[in-house]
There are 2 protein chains.
Amino acid sequence: MAPGGRRGGGRPTLEEVAARAGVGRGTVSRVINGSPRVSERTRTLVQQAVADLGYVPDRAARALAGHRADTVALVVPEAETRLFAEPYFSGIIRGVSAGLADHDMQLLLTLIRTSKERRRFADYLAAHRVDGVLLVSVHGDDPLPDLLERMAIPTVLNGRRSAGETVPFVDSDNTGGAQSALEHLIGRGRRQVATITGPPDMYVAHCRLDGYRRAVRAAGHPEDAALVAQGDFTEEGGRRAMRELLARRPELDAVFCASDVMAAGARQELRAAGRRIPDDVALVGFDDSAIARHMDPALTSVRQPIEEMGRAMARLLMEQITGGAGSGVPGPRAPAPPSAAARLVLPTELVRRASS
Amino acid sequence: MAPGGRRGGGRPTLEEVAARAGVGRGTVSRVINGSPRVSERTRTLVQQAVADLGYVPDRAARALAGHRADTVALVVPEAETRLFAEPYFSGIIRGVSAGLADHDMQLLLTLIRTSKERRRFADYLAAHRVDGVLLVSVHGDDPLPDLLERMAIPTVLNGRRSAGETVPFVDSDNTGGAQSALEHLIGRGRRQVATITGPPDMYVAHCRLDGYRRAVRAAGHPEDAALVAQGDFTEEGGRRAMRELLARRPELDAVFCASDVMAAGARQELRAAGRRIPDDVALVGFDDSAIARHMDPALTSVRQPIEEMGRAMARLLMEQITGGAGSGVPGPRAPAPPSAAARLVLPTELVRRASS
DNA sequence: CAGTACTGTGGGAGCGCTCCCAGACGTGAT
DNA sequence: ATCACGTCTGGGAGCGCTCCCACAGTACTG
């Protein structure tokens with residue numbers, strides 16, 4: 001008779017299940033949550049009642065009483081929303097989603113474009129609506145990681161802000177990936193290998209440049225600063241950098257680009273300059289994105305284990321949330337100390353195609 | 001002294017705000033929810049207390065007491081997770097996210113791959129954790145739309161299952177887009193325009209084929225069934241269909257592909273057959289995805305107003321949830337009757353590039 | 001056979017809100 | 001002055017869970 005609009009017959013509550021099973025509320029709760037302190041007989045009884053009634057625990061009530069949300073947020077800062085178009089995010093989301101499914105956790109997607117939206121998200125955190133946060137592609141100056149640390153909310157970054165990252169993270173081996181790209185080029189007889197880097201304020205750009213340098217050094221080639229041009233991960237930046245390189249070192253015979261998108265820009269300039277790929281100049285990218293496969297010629301690129309990274313992020317986050325304790329019973333939050341396992345660097349793989 | 005781990009000092013509650021403002025709980029609640037039945041003086045008083053204490057309402061408590069979740073789910077069925085890589089999803093998500101931000105609604109992202117995950121999602125719906133659902137790229141045989149209708153959960157589809165779609169939806173003008181692509185080709189003197197279609201069990205494929213046929217008819221060209229080949233929205237499908245077409249009608253001078261991905265496949269076959277693009281054969285795609293810009297030559301394609309579609313989906317859903325009542329106070333759910341406005345078809349735009 | 005230690009169980013006391021019913025205080029008409 | 005009818009306000013009664021305390025029962029000990 002309630003005016004509000006109680007839905008058809010009303011969904012069964014814990015209490016009703018308890019009544020039907022002839023046990024107390026607490027016992028049903030224990031069964032639902034997989035507590036071991038229930039006799040086998042009672043457990044079966046309760047499970048039967050649950051099945052009969054089609055009982056599904058109300059999450060809101062659970063969240064209120066249990067101080068948890070069964071939800072984690074995947075946060076994508078403004079600067080990165082365009083990257084969304086890349087298979088990268090698709091892979092991360094799939095990995096995360098798969099990793100969370102086992103824990104019956106939901107994924108909240110939060111795009112933060114404006115400072116108003118950042119505030120809104122901070123309120124959301126304050127309102128206890130998430131148990132943890134996954135942060136994608138943080139820049140060095142992003143205030144979010146520190147905010148999360150202050151609020152003591154379990155967090156995992158995708159990538160890191162610096163070599164001394166304090167927040168748990170999952171990253172790919174950018175240095176190693178760049179290195180393998182260069183070993184490949186040098187192994188195929190290229191002598192004058194240039195590189196187009198990412199923006200210097202991003203750690204990932206540093207790593208890839210570092211890998212380039214190491215490989216050049218290891219091969220005994222001279223380190224030539226004129227072979228390094230700065231890009232910004234955009235196509236236009238790739239074009240600009242390529243023009244610079246061609247002006248400075250017209251004799252170059254290979255270019256390693258720190259992203260596929262920049263490689264696409266570089267290719268245009270190379271073609272405009274009449275260089276054939278790969279005959280005159282070999283080209284290698286990074287990310288193994290869709291454009292790598294569709295470029296003409298198809299682009300050799302460094303692939304990251306993206307979906308696996310997403311899975312790993314989910315795993316690391318769950319470990320923090322459950323306080324390192326095994327899967328089992330989700331107790332009240334008990335923040336785990338930062339462990340060594342909370343820094344994960346996954347290997348990359350070179351995908352060879354026609355451009356090199 | 002609570003063992004659980006009450007966070008630092010404890011966040012302020014409604015009651016504390018009430019005490020500080022010297023009013024009752026009900027009054028604070030009214031102010032928070034923007035009820036008009038509060039005197040100006042009291043409202044200011046309460047707002048001051050809220051600001052002083054940094055009060056943020058607890059969402060879980062709100063959800064429990066108020067029978068709402070302030071959350072909507074964006075559901076992506078298995079078959080589509082690969083499309084995730086496309087700018088399409090990026091755009092939809094951005095539009096939806098922007099559209100929801102105004103309503104202080106959160107976005108839950110749900111990937112459904114297995115039947116186990118579908119069940120899990122159904123439970124989630126039963127557990128009252130979402131106020132509405134956005135469904136992306138539904139197939140004709142997807143059981144989800146009907147399930148949602150039965151549960152009386154507000155829903156908006158992206159695309160529709162058939163011409164007589166009963167669930168509110170937002171779609172783009174696929175027929176018109178295909179038509180404009182063909183008018184463009186025919187206008188440039190192409191006489192033998194072939195098409196590669198999507199899978200016949202998808203309504204969107206029908207629409208695009210329909211647009212092709214209408215334009216051919218309107219131009220007074222003969223309708224030649226041999227110029228129609230069936231694809232499946234994949235690159236390999238595009239290749240196969242292109243081979244068929246070349247075998248059946250070697251004299252064709254243009255191909256309209258129902259997706260960019262299939263156009264990429266078609267291009268490979270055309271090239272393998274020694275046809276130059278656009279000199280011998282003009283090529284047009286659909287979606288205006290990343291590969292369209294990076295293809296060689298760059299692909300003419302039909303662009304959909306993706307982000308706007310996302311926004312519209314959010315708007316339609318919110319209208320259902322708030323029962324058509326203006327923004328204002330969020331009352332308990334009152335499902336709105338299916339209105340004419342709940343069917344939205346947005347216009348497309350032809351983006352001309354070098355391939356035609 | 002009392003004493004100690006478990007294991008299993010019931011149910012009270014909240015979690016922080018919203019809803020809604022009374023009641024306090026106006027204001028105007030009679 | 002009296003009554004009716006507004007507008008505003010306080011606070012009780014939940015929402016459906018989890019947590020935890022107390023207690024019954026059983027199984028060991030000395």
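Since the model is a prediction, treat every value here as computed from it, not as a measurement. Lettering follows sequence order; numbering is per chain, from 1.
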**Prompt:** Among residues 47-61 of chain B, which contact DNA chain D at a heavy-atom distance under 4.0 Å?
**Reply:** none
**Prompt:** Which value, rounded to the nearest 0.5 Å, describes the distance between I321(A) atom CD1 and D70(A) atom CG?
**Reply:** 9.5 Å
**Nearest heavy atoms of R43(A) and S35(A), plus distance in Å** = NH2-O, 3.3 Å
**Prompt:** Expressed in angstrom and rounded to an integer, what is the separation of R129(B) atom CZ from dG16(D) atom P?
**Reply:** 15 Å
**Prompt:** Roughly how far, to the nearest 0.5 Å, is the CD1 atom of I153(A) from the CG atom of L147(A)?
**Reply:** 7.5 Å
**Item:** Under 4.0 Å protein heavy-atom contacts per nucleotide of nucleotides 4-10 of chain D, with B for base, S for backbone only and - for none
**Value:** ----SBB
**Distance in angstrom units between E15(A) CD and dG10(C) P, rounded** = 12 Å
**Asked** Could you give the NE2-to-C1' distance, from H67(A) to dC17(D), as a whole number of Å?
**Response** 11 Å
**Request:** Kindly compute the distance separating CE (M309(B)) from CG (N158(B)), expressed to the nearest 0.5 Å.
**Result:** 4.5 Å
Show me the side-chain donor-acceptor pairs of residues 49-58 of chain A shorter than 3.5 Å, one per line, residues at least two apart or across chains.
from   : atom 1 : to     : atom 2 : distance (Å)
D52(A) : OD1    : Q48(A) : NE2    : 2.8
D52(A) : OD2    : R20(A) : NH1    : 2.5
D58(A) : OD1    : A60(A) : N      : 2.8
D58(A) : OD1    : A61(A) : N      : 3.1

**Message:** Between the opening five pairs and the closing five pairs of the helix from dC1(C)-dG30(D) to dT30(C)-dA1(D), how far apart are the helix axes, to 10°?
**Reply:** 50°
**Prompt:** So which nucleotide from dT18(C), dC15(D), dC17(D) ends up closest to the side chain of T13(A)?
**Reply:** dC17(D)
**Request:** Check whether any side-chain nitrogen or oxygen of S29(B) sits under 4.0 Å from OP1 or OP2 of dC17(C), and answer yes or no.
**Result:** no
**Asked** Nearest-Å distance, CG (L64(B)) to C1' (dC17(D))?
**Response** 8 Å
**Request:** Report yes or no: do S97(B) and R113(A) form a side-chain donor-acceptor pair below 3.5 Å?
**Result:** yes
**Prompt:** When rounded to the nearest 0.5 angstrom, what distance separates CZ in R68(A) from OG1 in T322(A)?
**Reply:** 11.5 Å
**Request:** Just grab all the salt bridge (charged side-chain N to carboxylate O under 4.0 Å, His left out) pairs involving residues 147-161 of chain A, residues at least two apart or on different chains.
**Result:** D146(A)-R161(A), R160(A)-D171(A), R161(A)-E165(A)
**Item:** Nearest-angstrom distance from the residue atom CG of L14(A) to C1' of dT18(D)
**Value:** 9 Å
**Request:** To the nearest 0.5 Å, tell me how far Q106(B) CD sits from Q106(A) CD.
**Result:** 13.5 Å
**Item:** Atom pair distance, as rounded to whole Å: CG in N33(B) and P in dG16(C)
**Value:** 17 Å
**Message:** Within this structure, what is the CE-NE2 distance for the pair M318(A) and H103(A), rounded to the nearest 0.5 Å?
**Reply:** 4.5 Å
**Request:** If a pair satisfies salt bridge (charged side-chain N to carboxylate O under 4.0 Å, His left out) and one of its residues is in residues 98-112 of chain A, list it, with sequence neighbours excluded.
**Result:** R59(A)-D104(A), D104(A)-R120(B)
